[in-house]
Amino acid sequence: MATDELVKTTGIANHGGERLPSVDVDSFNIELKDDDGFLGDRASKGAFREILERWRKPLRKTGEDPFGKEPSENISKKTLDSILISDDVEASAVVHSAIEEFAQELAYVTRRFLKTKAWAKTERIVVGGGFRDSRLGELAIARAEIILKAEDFKIDMVPIRHHPDEAGLIGALHLAPSWIFEAYDSILAVDIGGTNIRCGLVETGWKKAKDLSKAKVVKSELWRHADDEPTREGAVKRLTKMLKGLIVAADTDGFKLAPFIGIACPGVINADGSIEKGAQNLPGNWESSKFNLPASLIEGIPMIGEHDTAILMHNDGVVQGLSEVPFMQDVDRWGVLTIGTGLGNARFTNRRRDSGQGKDNGKDRDAAEGKKKPKENNKENNKDSAKAD
């Protein structure tokens, strides 16, 4: 078990912070509900499979199901994408029907987010998660945007720019303090999910683009922990081993690796690195008061190079969204929805520096609007959401 002293050695900033180097995190991990349960369940990858199954049922009754006996959850995204442009008109029609219904659900859920206080004045929504990595996902996103615009919502919905697997690693750069980019050319990043844990060596590309738009994952390692069903301690041990391997690889390949690890993790992340809720799909009890992932990793990797290891952890939806920071500079307020096992969500407000005065334009903008920016944490946002709905 990690000690309090080890927790303090992270020392750069609070985990799950509201104020990050480039943005304010206005909300994350909001859990909206309706009479049928959590709204996010209506726009998850599982929801799409259920919709596809419903559209197959009428054809199955007459023995004309173009997919045969293959369960809907086993049909790959690649197969569904190929069917969209195949000569099998009936199969293509089934997939298009499922996309349309899912887009309606995604539009409904997005509409509910936009009506909450935390998501007010959102100008653009980036959609990530594994579902986005397909033609059918891109079509559903585009269709949801059209539905919302037809209802006079002034919102853009765009697929996340990076591959979703890499976005969760690249976004970790935007947790790091700026001095790292002056002195180092790479960091370690971890993306923890309910099925997989992915670690990566992320090159900053800072010398090419100081906005980090040229950042890339140069090496990564994936462990599908759901297949192994490890204990919590076993998972941490395996993660530590993966990170140590990347440290060796960085040295071998000549990278100047920062003594920093950025972590994306499901759930509500507290300032001390504990997880309040939302980690139920991870191996073991990660929400225990006796468990602290950053502290456990520092115990296993106390130093990187000649310096103490520093770790910052944030919600996985937040971190995936942060990969878009360089490309969101034409708007002030934007959000991210990640379509996976559930529906991750986060809302951001950009903070810019005025080149002449060095003032925070975000603060200046709020002052110009005659409003005081509220300091909201996730619990308050959840309350606000409930009131708005």
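Note that the structure is predicted; figures quoted are calculated from it, not measured.
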Point-to-point distance, once rounded to the nearest 0.5 Å, from [atom1] of [X] to [atom2] of [Y]:
| X | Y | atom1 | atom2 | result |
| --- | --- | --- | --- | --- |
| M303 | T309 | CE | OG1 | 7.5 Å |
| T349 | M328 | OG1 | CE | 13.5 Å |
| S22 | L322 | OG | CG | 8.0 Å |
| I301 | D308 | CD1 | CG | 13.0 Å |
| D253 | L257 | CG | CG | 11.0 Å |
| L52 | I99 | CG | CD1 | 9.5 Å |

Under 3.5 Å: donor-acceptor pair, side chain of [X], backbone of [Y]:
| X | Y | value |
| --- | --- | --- |
| E287 | A279 | yes |
| D211 | S213 | yes |
| R351 | P21 | yes |
| T338 | G344 | yes |
| D272 | S274 | yes |
| N14 | G17 | no |
| H15 | M313 | yes |
| E123 | D332 | yes |
| N315 | A264 | no |

With the side chain counted from C-beta on, respond yes when [X] and [Y] share a heavy-atom pair under 4.5 Å apart, and no when they do not.
| X | Y | answer |
| --- | --- | --- |
| I261 | I263 | yes |
| L106 | M157 | yes |
| P159 | I141 | yes |
| I155 | E145 | no |
| F113 | I125 | no |
| V25 | R19 | no |
| I311 | I298 | yes |
| D24 | E18 | no |

Does either side chain, that of [X] or that of [Y], offer a donor lying less than 3.5 Å from an acceptor on the other one?
| X | Y | answer |
| --- | --- | --- |
| D228 | W223 | yes |
| R224 | T195 | no |
| W334 | N350 | yes |
| S86 | D88 | no |
| S82 | T79 | no |

Shortest non-hydrogen separation from [X] to [Y] and the atoms involved:
| X | Y | answer |
| --- | --- | --- |
| H314 | V319 | CB-CG2, 3.9 Å |
| I147 | A107 | CG2-CB, 3.8 Å |
| G137 | S134 | N-OG, 3.0 Å |
| I304 | A258 | CG2-O, 3.8 Å |
| L20 | H174 | CB-O, 4.2 Å |
| Q320 | G128 | OE1-CA, 3.3 Å |

- A249: partners by side-chain contact (heavy atoms from CB on, under 4.5 Å), with sequence neighbours left out: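 Per chain and number, A249 pairs via side-chain contact (heavy atoms from CB on, under 4.5 Å) with K219.
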
- side-chain contact (heavy atoms from CB on, under 4.5 Å) partners of S44, counting only residues at least two apart: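 Residues passing side-chain contact (heavy atoms from CB on, under 4.5 Å) with S44: A47.
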
Side-chain donor-acceptor pairs under 3.5 Å in residues 177-193, sequence neighbours left out?
{"residue": "D185", "atom": "OD1", "partner": "K256", "partner atom": "N", "Å": "2.8"}
{"residue": "D185", "atom": "OD2", "partner": "K256", "partner atom": "N", "Å": "3.4"}

- Query: Would E50 and K45 count as a salt bridge (charged side-chain N to carboxylate O under 4.0 Å, His left out) if you check the C-alpha gap in whole Å, the side-chain angles of each, and the deciding distance to 0.1 Å?
  - Reply: CA-CA 9 Å; E50 290 175 4; K45 63 180 183 181; over 6 Å; no

- Item | Residue K216 excluded, over 12 heavy atoms near NZ under 6.0 Å |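 Atom NZ in K216 is not crowded, with 12 or fewer foreign heavy atoms closer than 6.0 Å.
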
- Item | Enclosure of D87 CG (heavy-atom neighbours >12, cutoff 6.0 Å) |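 No, the 6.0 Å shell around CG holds no more than 12 heavy atoms from other groups.
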
- Message: Whether D156 and K149 form a salt bridge (side-chain N of Lys/Arg under 4.0 Å from carboxylate O of Asp/Glu) is what I want to check.
- Response: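 Answer for the salt bridge query: yes.
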
- Quick one: list whatever passes ring pair (Phe, Tyr, Trp, His ring centres under 6.0 Å) with F102, sequence neighbours left out.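 Expected list: F48, F131.
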
- Message: Once ring pair (Phe, Tyr, Trp, His ring centres under 6.0 Å) is applied, do any residues pair with W55, and if so which ones, sequence neighbours excluded?
- Response: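 W55: no ring pair (Phe, Tyr, Trp, His ring centres under 6.0 Å) contacts found.
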
- Item | Derivation of the side chain to side chain contact (heavy atoms under 4.5 Å, CB included) call for V109 and L343 | CA-CA 10 Å; V109 173; L343 185 70; 3.5 Å; yes

Restricting to pairs with a member in [range], which pass salt bridge (charged side-chain N to carboxylate O under 4.0 Å, His left out), not counting sequence neighbours?
| range | value |
| --- | --- |
| residues 66-84 | none |
| residues 128-141 | R132-E138, R135-E138 |
| residues 100-111 | R42-E105, R54-E101, E100-R143, R111-E151 |

Give every donor-acceptor pair under 3.5 Å between a side-chain atom in residues 231-243 and any protein atom, sequence neighbours left out.
{"residue": "T231", "atom": "OG1", "partner": "G234", "partner atom": "N", "Å": "2.9"}
{"residue": "R232", "atom": "NH1", "partner": "N285", "partner atom": "O", "Å": "2.5"}
{"residue": "T240", "atom": "OG1", "partner": "V236", "partner atom": "O", "Å": "2.8"}

- Not counting sequence neighbours, list each pair that qualifies as a ring-ring contact (aromatic ring centres under 6.0 Å, His included) and has a residue in residues 141-170.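 Checked against ring-ring contact (aromatic ring centres under 6.0 Å, His included) - neighbours excluded - no pair reaches residues 141-170.
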
- Message: Filter on ring-ring contact (aromatic ring centres under 6.0 Å, His included), then keep only pairs touching residues 61-94, sequence neighbours left out; what's left?
- Response: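 Those involving residues 61-94 do not exist here.
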
- Evaluate the criterion side-chain hydrogen bond (donor to acceptor under 3.5 Å, both in side chains) for residue pair T122 and R347; output intermediate values, then yes/no. CA-CA 8 Å; T122 300; R347 217 298 287 264; 2.9 Å; yes

- Derivation and outcome, salt bridge (charged side-chain N to carboxylate O under 4.0 Å, His left out), residues D26 and R333: CA-CA 9 Å; D26 303 309; R333 301 170 180 88; over 6 Å; no

Counting only pairs under 3.5 Å, give me each side-chain donor-acceptor contact of residues 198-208, with atom names and distances, residues two or more places apart or in other chains.
{"residue": "R198", "atom": "NH2", "partner": "D165", "partner atom": "OD2", "Å": "3.2"}
{"residue": "T204", "atom": "OG1", "partner": "W206", "partner atom": "N", "Å": "3.2"}

